[in-house]
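Chain letters run A, B, ... following the sequence lines, proteins first and then strands; every chain starts at 1.
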Amino acid sequence: MAVSSSSFLSTASLTNSKSNISFASSVSPSIRSVVFRSSIPPSSHRRVMTVRSKIREIFMPALSSTMTEGKIVSWIKTEGEKLAKGESVVVVESDKADMDVETFYDGYLAAIVVGEGETAPVGAAIGLLAETEAEIEEAKTKAASKSSSPSAAEAVVPSPPPVTSSPAPAIAQPAPVTAVADGPRKTVATPYAKKLAKQHKVDIGSIAGTGPFGRVTATDVETAAGIAPSKSSVAPPPPPPPAAAVNEKATTTNLPPLLPDSSIVPFTAMQSAVSKNMIESLSVPTFRVGYPVNTDALDALYEKVKPKGVTMTALLAKAAGMALAQHPVVNASCKDGKSFSYNSNINVAVAVAINGGLITPVLQDADKLDLYLLSQKWKELVGKARSKQLQPHEYNSGTFTLSNLGMFGVDRFDAILPPGQGAIMAVGASKPTVVADKDGFFSVKNRMVVNVTADHRIVYGADLAAFLQTFAKIIENPDSLTL
Amino acid sequence: MQSAMTLSFSQTSSFTRPNHVLGSTASVFSTPKNLRFCGLRREAFGFSPSNQLSFRSNQIRTQSSGLQVSASASSNGNGNGAPPKSFDYDLIIIGAGVGGHGAALHAVEKGLKTAIIEGDVVGGTCVNRGCVPSKALLAVSGRMRELQNEHHMKSFGLQVSAAGYDRQGVADHANNLATKIRNNLTNSMKALGVDILTGFGSVLGPQKVKYGKDNIITAKNIIIATGSVPFVPKGIEVDGKTVITSDHALKLESVPDWIAIVGSGYIGLEFSDVYTALGSEVTFIEALDQLMPGFDPEISKLAQRVLINPRKIDYHTGVFASKITPAKDGKPVLIELTDAKTKEPKDTLEVDAALIATGRAPFTNGLGLENVNVVTQRGFIPVDERMRVIDGNGTLVPNLYCIGDANGKLMLAHAASAQGISVVEQVSGRDHVLNHLSIPAACFTHPEISMVGLTEPQAKEKGEKEGFKVSVAKTSFKANTKALAENEGEGIAKMIYRPDNGEILGVHIFGLHAADLIHEASNAIALGTRIQDIKLAVHAHPTLSEVLDELFKAAKVEGHASTGQEMQR
């Protein structure tokens, strides 16, 4: 249980071999990771899984929560060289440190897209990995086309709610960044103003400077970014539980030190989006129902299917999907307060904390897809989320949300219902619990508590209780999950 | 040996005519004898009355002339019968900076009658317009930075309400410190009997110096130690208010909102530390492609992450500030940037102030060098490895030495002092060549940067040329207990060494108190201590010095026993 939905964390290998030169501050863990996305031909339907992706892209990883772009320090491997899973391929310099980036796949480094000394935004392809030697040529051709249209990968960077991919490559406004280095320009901005503009993604050219000689000052940028510089920091409204810890950290430590007279801690774009959604959620009348579920059978099943790549997240999503299929009202949504709609698909969104933020990749048709497909889909989504490549429909099409803090040892918690959904399930840790059966015999069973928050305008207590009962039955007799 | 002593005593009375006997005697002394003689003299020095002191000085000086400078021997010591030329002093030093001061003190210890000429103020650049007052400002900036860092304070459990400063108070601290150190320097020389002569000094001819209006004095040996002044490139107009050099900046007459610093070496970096701590925003202008040139590339990269990137600093590299106009008529300071390679105009900056930290130029004009046929090179006085001045024909000028910034070998106060001591050693009869690779350097940012010896690329180049392997060992401050107790775990130490024999080629430290930590390494280099020996030395726990302990222990030396033969002098 404790590993569920944290499967995305497994992609982050917390190796420390270079720690002696790592300057990452202690609050932002140096996560060395590489994310490969299966390359799917544009024509193929999203739902069709490309099980055997042969040429993978190597992305610029996000090495810290504040990193927006990275510089290639050196390629450890050369083009055509064979790679084994876990080997370091490239050294990337972030705003904080140099880190080795490892591969998670065996194969060949087919092409280097971003050369040494060059910079690429987080999530952009920096190289291509071919599975076999024969595909190297194909990958090279691909790389050539890629470099000719470099924006292909990062042009579509979604940023609508519920969660924005915060440090997105910012293709739209690279002007303030590059203008620092070269080219005559009219706007005069102070060094700190430029830093803030980059951080808040404000086009510095569009700001009217109010400083001496009409220059743009840090205050101007803050005003333009919608941060009231004079107001002191107010604690953000409670974000959904999975994000709470991470967000808290981000607000207090991610920003550069401020002067005493400006103790503001402005929101990042992602935090602003979370904040907005949370305020919105207050208009929905919600209630909560908790339910204990025995997990011995599920744990046993998990042990069995784990080697096949099935994750706990997939198991829970599948179980929730199957239960939702029997209780369509819990999968419904009420958008205007006057009517509600039964959703045709059961799309389970799963909240994950990534790089100091919160995002909810969606497992579509969780009731219909089998466990293996779901697991694969999940890995793909997490990879995209990490590299900020999620398409809007991949994170805003959820009809039901799953949030799991079990891996932290949380035994139960309460989630905030995301606007537009009928219910959200908060999953606690599974732990050995003394249970008395109906005959009064004690035994120790693994048990977890799930707590569902639902929109009481459409879901009533009995609906939710019945849904939970079904869910518990599925978990306690999990064989149906593998069908 | 005994005869030498006897001979010396016979000289006691003839103090003013020191050379007529010994000029020839000295030349037959063999070097080891001289050395022992010096040792003996040293022991006696502690309890010798002053008249004996002057006698001894004659003895030493004579030997040196006979041994080293053939020209002086032939002109002054041509036989017992010839009347010797008399000298007012054994040693005259032109310039009472740190270099001159160091030389003067050592000269007295060696028994030389010494005068020091100062045309400005005692203490020179370092004490009055350089290292000393800047350390006062950096002490303030370090504390400001710490107090402003809420996160840092919180992690100690400390609560501090908004930290502020009084500009004049900070400026006074710097000024008071300079005054205090200047007085200390002056007093130390007076107390030892160094004559401090006021006025501009210049060389009139061999062994002859003019100072002030028309005071002419003679000396057996002359040391030029006139130092340097801030270098201001062409096209930059310094008005002392908005376009300034370090001389002005150290007075801290204003703290501009936005200051451009031209040059990102030691001086520029230290001032960026001061100004950002006091609330300014800083723009660096660096002609080379990278900030902090001259530091070990790895250190400069890491330092940049800590000292530049998180602060309110931006930078333009690969550009010259081709024209800087001070603020006037309601206009800000205008800086025209020109591409360093293409020489094309690149950008224009409008800032509140500009600090020119492009290095320092030797102060050698009007020194009368033409009188001894010396031609300066870009202002620097050419010298050999023993600081002996080389004239226009490439031959040594007898009895004339140049130390410190004026010779440009290594423009650091303590290097000047070391060179001065080396010269005094030579003129008092003991050959000495200073190993410049053992001279440490430090940049007092927060945290500090320090280094000694070669950088990694330099060492690798040398290794390739001379055919030895070069290895690098690194340790982190993160692993040091004391650093962590101070919440200052950021930093590394790096050692470049020869794995075959354990010779230390260079050490670079970036971290808390790096400037103090470097000396274990620089002493090891100076004394030729090998890693396999020094790694066995014990360090108190928990101290920052363990960072170096770890560093020595992290090195992998192939050779075992040290021979200790290749002492570096």
Side-chain angles (χ1 to χ4, degrees), chain A residues 16 18-27 30 64 66 71 73 93-98 117 176-177 179-199 209 211-218 233 249 252-263 265, chain B residues 145 147-152 154-155 160-164 257-258 260 276 279-284 298 301-303 305-306 309-319 327 330-332 337 339 345-352 474-479 487 489-494 510 554:
Chain A
N16 242 344
K18 274 212 164 184
S19 67
N20 57 341
I21 60 152
S22 156
F23 270 69
S25 74
S26 55
V27 290
S30 6
S64 76
T66 53
K71 188 171 154 193
V73 177
E93 175 186 339
S94 77
D95 52 343
K96 296 220 166 70
D98 285 357
V177 183
V180 176
D182 45 40
R185 82 209 123 86
K186 283 182 185 111
T187 316
V188 176
T190 71
Y192 189 44
K194 282 182 218 156
K195 266 189 189 159
L196 282 177
K198 192 172 174 183
Q199 191 180 334
F213 313 105
R215 74 171 66 126
V216 178
T217 65
S233 60
K249 209 169 94 179
T252 53
T253 59
N254 277 349
L255 294 160
L258 295 164
L259 285 175
D261 57 333
S262 56
S263 55
V265 185
Chain B
R145 206 170 279 292
L147 292 172
Q148 283 167 1
N149 188 342
E150 220 174 298
H151 177 67
H152 181 79
K154 261 189 194 158
S155 61
V160 179
S161 56
D257 289 342
W258 182 6
T276 51
S280 302
E281 294 180 35
V282 168
T283 296
F284 270 120
E298 191 176 21
K301 197 160 152 192
L302 296 174
R305 287 202 184 106
V306 177
N309 295 351
R311 298 184 181 170
K312 294 175 181 177
I313 300 176
D314 69 351
Y315 49 86
H316 301 255
T317 51
V319 289
K331 280 190 197 151
L337 299 182
D339 192 291
K346 203 164 179 194
D347 204 348
T348 308
L349 300 181
E350 297 177 12
V351 293
D352 296 323
K474 287 180 218 167
T475 52
S476 165
F477 278 64
K478 271 201 190 82
N487 262 332
E490 219 150 26
I492 65 161
K494 170 177 176 179
F510 173 62

In chain order, what residues pass the side chain to side chain donor-acceptor pair (under 3.5 Å) check against B:Lys494, with sequence neighbours excluded?
B:Asp296, B:Glu298, B:Glu456
Which portion of B:Val160 sits near chain A, non-hydrogen atoms under 4.5 angstrom
neither
Set of salt bridge (charged side-chain N to carboxylate O under 4.0 Å, His left out) partners for B:Lys154, sequence neighbours left out
B:Glu150
Minimum heavy-atom separation for B:Glu350 and A:Arg215, please, with both atom names.
O-NH2, 3.9 Å
Exercise: identify the closest heavy-atom pair between B:Glu281 and A:Thr190:
OE1-OG1, 2.5 Å
Test item: A:Lys195 side-chain N/O and B:Arg311 main-chain N/O as donor-acceptor pair under 3.5 Å:
yes
Interchain contact, B:Asp352 with chain A, by part (heavy-atom threshold 4.5 Å):
both
Work out which heavy atom in A:Pro191 is nearest to a heavy atom in B:Lys312; give both atom names and the distance.
CB-O, 3.8 Å
Hey, are the side chains of A:Lys194 and B:Thr283 touching, using non-hydrogen atoms and a 4.5 Å cut-off?
no
Would you name the heavy atoms of A:Phe213 and B:Gly330 that are closest together and state the gap between them?
CE2-O, 3.3 Å
